> 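First, the structure itself, so that you have it in front of you.
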2 protein chains.
Amino acid sequence: MCFITRVSEIMTDKDTCKSCTESKDSIFNLLTKEEKKVFEENRQCTSYKKGEIIFKEGDLPVGMICLCSGKVKLFKEGVGGRDQIIRMEKQGDFVGFRALFAGEHYSATATAIEDSVICYLEKNILEKVIKANGNFALRVINILAKELGFSNERTVSLTQKHIRGRLAESLLVLINTFGFEENNKTIKVYLSREDIASLSNMTTSNAIRTLSTFAQENVISLYGRSITVENMEQLKRISRLG
Amino acid sequence: MCFITRVSEIMTDKDTCKSCTESKDSIFNLLTKEEKKVFEENRQCTSYKKGEIIFKEGDLPVGMICLCSGKVKLFKEGVGGRDQIIRMEKQGDFVGFRALFAGEHYSATATAIEDSVICYLEKNILEKVIKANGNFALRVINILAKELGFSNERTVSLTQKHIRGRLAESLLVLINTFGFEENNKTIKVYLSREDIASLSNMTTSNAIRTLSTFAQENVISLYGRSITVENMEQLKRISRLG
DNA sequence: CTAAATTTGTGTTTTATAACACGTGTTTCT
DNA sequence: AGAAACACGTGTTATAAAACACAAATTTAG
């Protein structure tokens, strides 16, 4: 990956990115003061505008990326250019660390779906800490294991559930990742119909159509790109029955 | 998981299972002599007959399982009882360690597809070694990361490729996992058509039909459950084009 | 502020594949 | 040995969802 050309803005003030090491339930809380310091001194923060590519399928990972703020989609290009979104990343998530640890090129492309700030940490520094701090290592293992469970789950859902079930499940995934706005009903992410389709393994037409049907059935209500859940139980039922 | 009731035969001679700690490219080579000794003294070997269940979706993992010999399929039950095989395990593989590290119940069922011997190691012993031995920890991380890559890859293939592409890819997966017999052509695993279907996300009828078509096209030849690859390039091409 | 481009929305047609039905061959069990 | 259960194979039908075509609405750019 050619880091420089894609950089929207390399941030000079490292304190702009506090969330990674300072947020409450962060994995970084397992680090010692010294280890935290090493991380803070060696990281490089970069900001991306909505729509910009952070890395591309095939690029070689050069370090660990933590999403300080914003939202990112991770997608693979499939047969005939049809994209499949395999993961949505929120503040505090690691982006693309799978490829780093697997020692492989990126197997997916990461794009900011909102203005985002990432901070970037060299691989060898991370590895040193993993080797030295067993609890940190176990936590990394735990995160990977959970993500693998999610991926396996999705494989079955996306292949076996019917359109309505797939869309309902994808909405639940979005809720799970990004949560609700203050009203506790409106999903806190604003995706194009095309992205919703890529997440749910269907064509854009069918995503639009099926969302409309859900709205007609008062399971959700739509206003532009905002999706408000009106009947959570029913949404879960549709997802479950496939 | 109720360990005792499922045990086909608890083996008394621990040396019957050498492959785990002694094979050439085993992860256990990263262990010190002392750590190896702890592993060897604390493991429990068990043998399973073809068709027997090692653990079930929903069971709670109680330890790390290493497949000493034999072959195992890992599958999830999908919508309407349609199984999806998410992984095939060969000698030396860890079975179900994802759930163990994720701290979750098993999300899939493991069944021996050949007579198999597993050896079982308590979780806390494993965790101690991971905490103490950084290189071992990194290797575990590496294995999980690679498996996650495989899972993501399969999600896209199984949802987007057409029947022929899915079947061809599944055959390549089998070759990749189990390799060939001495003739360098016959895939070294013997599955029912139903299992091949469950691996490829299709009905048994379609697996049978499509295998026949491949045979007619001289891409493979069939003799009972044995599948011999006659034109590897063509098989790869079919997989690639979807 | 208008033109162009993109996104959203809807109806129709086509097609891949599941579902079904049925027959044959092969183990397994009593 | 005979019955039952299971695995394999093939033709037909039904259907979910993709593909296509086109219109309206919204956003972006000049």
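Letters A, B, ... are given to chains in the order of the sequence lines, protein chains preceding strands, and every chain is numbered from 1. All heavy atoms count here, side chains included; hydrogens, waters and symmetry mates do not. Here the structure is a predicted model, which means the values were calculated and not measured.
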> Of all residues at least two apart in sequence or in a different chain, which pass the side-chain hydrogen bond (donor to acceptor under 3.5 Å, both in side chains) check with A/Lys76?
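If we apply the side-chain hydrogen bond (donor to acceptor under 3.5 Å, both in side chains) test to A/Lys76, skipping adjacent residues, the hits are B/Glu153.
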> Would a distance-only check, ignoring hydrogens and angles, find a side-chain to backbone donor-acceptor pair under 3.5 Å from B/Tyr223 to B/Thr228?
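No; zero donor-acceptor contacts below 3.5 Å.
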> Okay, side chain of A/Lys161, backbone of B/Val79: is any donor-acceptor separation there less than 3.5 Å?
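No.
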> So for atom CD, which belongs to B/Glu230, do other residues, nucleotides or ligands contribute more than 12 heavy atoms lying within a distance under 6.0 Å?
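Counting neighbours around CD of B/Glu230, more than 12 heavy atoms of other residues, nucleotides or ligands fall under 6.0 Å, so yes.
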> Just how large is the angle between the end axes of the helix from C/dC1-D/dG30 to C/dT30-D/dA1, five pairs per end, to 10 degrees?
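Both end axes considered, the difference amounts to 50°.
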> Sugar-phosphate means primed atoms, P, OP1 and OP2; the rest is base. With that split, encode nucleotides 17-30 of chain D 5' to 3' as B, S or - using protein heavy atoms under 4.0 Å.
SBBB----------
> Which atom names give the shortest non-hydrogen contact between A/Leu158 and A/Arg166, and what distance separates them?
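Heavy atoms only, the tightest pair is O-CD, 3.4 Å.
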> By side-chain hydrogen bond (donor to acceptor under 3.5 Å, both in side chains), which residues pair with A/Arg237, not counting sequence neighbours?
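Counting only residues at least two positions away or on another chain, A/Arg237 forms a side-chain hydrogen bond (donor to acceptor under 3.5 Å, both in side chains) with A/Gln234.
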> Minimum heavy-atom separation for B/Leu211 and B/Leu167, please, with both atom names.
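Heavy atoms only, the tightest pair is N-CD2, 3.7 Å.
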> Whether the side chain of B/Asn206 engages the backbone of B/Thr203 through a donor-acceptor N/O pair (distance < 3.5 Å, no angle test) should be reported.
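Checked: no pair found.
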> Going 5' to 3' along DNA chain C, between which two nucleotides do contacts with chain B fall, using a heavy-atom cut-off of 4.0 Å?
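Contact span on the strand: C/dA16 to C/dC20.
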> Looking at B/Glu147 and B/Arg87, is there a salt bridge between them, counting it only when a charged N and a carboxylate O are closer than 4.0 Å?
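Salt bridge flag = yes for B/Glu147 with B/Arg87.
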> With sequence neighbours left out, what residues match A/Phe150 under side chain to side chain contact (heavy atoms under 4.5 Å, CB included)?
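Partners of A/Phe150 under the side chain to side chain contact (heavy atoms under 4.5 Å, CB included) test: A/Arg154, A/Val173.
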